[in-house]
Amino acid sequence: MMVGTAVQIRGVTVGEAERLGHLTFRALRDLLPRIDGKRVAAVAAWQDERPLGLALLGPNLLGKPGAQLHSIMVSSTHRRQGLGRQLLAATVDAATAAGAGELVAEWSSRLPGAGALAGLLLQAGWTAPQRVSLRLQSSVERTERVFLRRAALLGRLERDRVALVPWGTLGQGGQQQVREAVVALRAAGELPDWADPSGHLAAAEPHFTLMIHDAAGAWRGWIICEYQPQVGRWFFPIGWVHPADAKRGWLMAAIAQVTAMMEEQIGPHAVAAFEASHLNPPMWALLEKHFYPHATMADYLLASRRML
């Protein structure tokens, strides 16, 4: 495929990967040496063997099925010349050739040029961008601004005789009971896929992963915590309470409790990060209303798709 007479758009070989790192994000550069044309592929715009732009394809970073467009970038001196559009078309060809049935692109609302990327995808027949996750983080000392009535929230748990039990205190027997409860909730159709903690429990932070136990002796929810040492934060990917109990304030109380525990055990500058899926409107609304205004960093994860 040619643009004018001097620029060529073609696939990238693994031997060329080290020359392309400046055309993708630092966090994605580890994908370049893994280029094999199938699981990981790249298409670049070249002029006299000098790379001007790059589109990088690979498996979904969250383990979801399908192929993902991880990044598409054109050097600043060669933008507004149609190279992005040509690269995007070539990625569709590459994904189709590799047998993918769908391409997905995901990016942060804070990404410089997020609007331009959305426009490029729309023009190429991708779906309109959708907010799929709300993500935010802050030091736990700032949660005092959120939980002005922390004692009242925790008092509600006491009145309802609800216990917040740290995962690490359950022992093997208690942890097995939780896993069995998860299986039963899934079998009854009461636990959605996004709220299933099974894939997180092996790496769950034992002190700040809290299981919600009601007065009748049933496990009715959880807030999952994972420590991420590479960025020095405690990440909470799942917060769920059974829909029958969703309006009792237990989830808000669990977050109030865990952030208070973190401040006491780690210190006021410990960083807590939360994420809510668009499939979980109650958690989304809770974070957006109460936490977003006080977060030190917050964004929406946007997604667009293209059927092949």
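We're numbering straight along the sequence, starting at 1. Nothing here was measured: the structure is a model prediction, and the numbers come from that model.
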Can you check whether [X] reaches [Y] side chain to side chain, under 4.5 Å on heavy atoms?
{"X": "Glu102", "Y": "Arg306", "result": "no"}
{"X": "Gln257", "Y": "Met261", "result": "yes"}
{"X": "Leu54", "Y": "Ile72", "result": "no"}
{"X": "Leu52", "Y": "Val74", "result": "no"}
{"X": "Leu134", "Y": "Met283", "result": "no"}
{"X": "Glu226", "Y": "Phe236", "result": "no"}
{"X": "Val12", "Y": "Leu32", "result": "no"}

* Test log, rule salt bridge (Lys or Arg N to Asp or Glu O under 4.0 Å), inputs Arg39 and Asp36 -> CA-CA 6 Å; Arg39 185 168 173 80; Asp36 58 9; over 6 Å; no

Give a yes or no on whether the backbone of [Y] and the side-chain of [X] come within a donor-acceptor separation of less than 3.5 Å.
{"X": "Thr209", "Y": "Cys225", "value": "yes"}
{"X": "Asp214", "Y": "Gly217", "value": "yes"}
{"X": "Asp160", "Y": "Val162", "value": "no"}
{"X": "Arg29", "Y": "Gly21", "value": "yes"}
{"X": "Arg135", "Y": "Met297", "value": "no"}
{"X": "Thr127", "Y": "Arg305", "value": "yes"}
{"X": "Thr296", "Y": "Gln137", "value": "yes"}
{"X": "His70", "Y": "Ala55", "value": "no"}
{"X": "Asp48", "Y": "Arg50", "value": "no"}
{"X": "Glu205", "Y": "His207", "value": "yes"}

* Asked: Would Leu122 and Leu87 show up in the same hydrophobic cluster when neighbours are defined by side-chain heavy atoms closer than 4.5 Å?
  ->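 Different hydrophobic clusters.
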
* Can you run down the side-chain hydrogen bond (donor to acceptor under 3.5 Å, both in side chains) pairs that involve residues 16-27, sequence neighbours left out, and say none if there aren't any? =>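 Passing the test, one end in residues 16-27: Arg10-Glu16, Thr13-Glu16, Thr24-Ser71.
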
For the [atom1] atom of [X] and the [atom2] atom of [Y], what is their distance to the nearest 0.5 Å?
{"X": "Glu275", "Y": "Asn280", "atom1": "CD", "atom2": "CG", "value": "11.0 Å"}
{"X": "Gln81", "Y": "Gln86", "atom1": "CD", "atom2": "CD", "value": "11.5 Å"}
{"X": "Leu251", "Y": "Leu153", "atom1": "CG", "atom2": "CG", "value": "11.0 Å"}

* Pair Ser198-Arg186, side-chain hydrogen bond (donor to acceptor under 3.5 Å, both in side chains): steps then yes or no -> CA-CA 11 Å; Ser198 302; Arg186 291 301 301 267; over 6 Å; no

* **Candidate pair Ser108 and Asp299, rule side-chain hydrogen bond (donor to acceptor under 3.5 Å, both in side chains), full reasoning** => CA-CA 6 Å; Ser108 167; Asp299 72 348; 2.6 Å; yes

* To do: Just say parallel, tilted or perpendicular for the rings of Phe291 and Phe147, cut-offs at 30° and 60°.
  =>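 If you compare the ring of Phe291 with that of Phe147, the planes turn out perpendicular.
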
If you count heavy atoms of other groups shown closer than 6.0 angstrom to [atom1] of [X], is the number above 12?
{"X": "Gln265", "atom1": "CD", "result": "yes"}
{"X": "Gln228", "atom1": "CD", "result": "yes"}
{"X": "Arg179", "atom1": "CZ", "result": "yes"}

* Asked: Mind checking who shares a hydrophobic cluster with Val178, ILVMFWY linked at side-chain heavy-atom distances under 4.5 Å?
  ->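 Besides Val178, the hydrophobic cluster comprises Val165, Trp167, Leu170, Val182, Leu185, Leu191, Trp194, Leu201, Met211, Trp219, Trp222, Ile224, Ile238, Trp240, Leu279, listed by chain and residue number.
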
* Tyr300 and Gln130: side-chain hydrogen bond (donor to acceptor under 3.5 Å, both in side chains), yes or no, with the steps? -> CA-CA 9 Å; Tyr300 296 95; Gln130 178 188 13; over 6 Å; no

* Asked: Sequence neighbours excluded, which residues qualify as side chain to side chain donor-acceptor pair (under 3.5 Å) partners of Thr91?
  ->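 Partners of Thr91 by the side chain to side chain donor-acceptor pair (under 3.5 Å) criterion come out as none, since no residue qualifies.
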
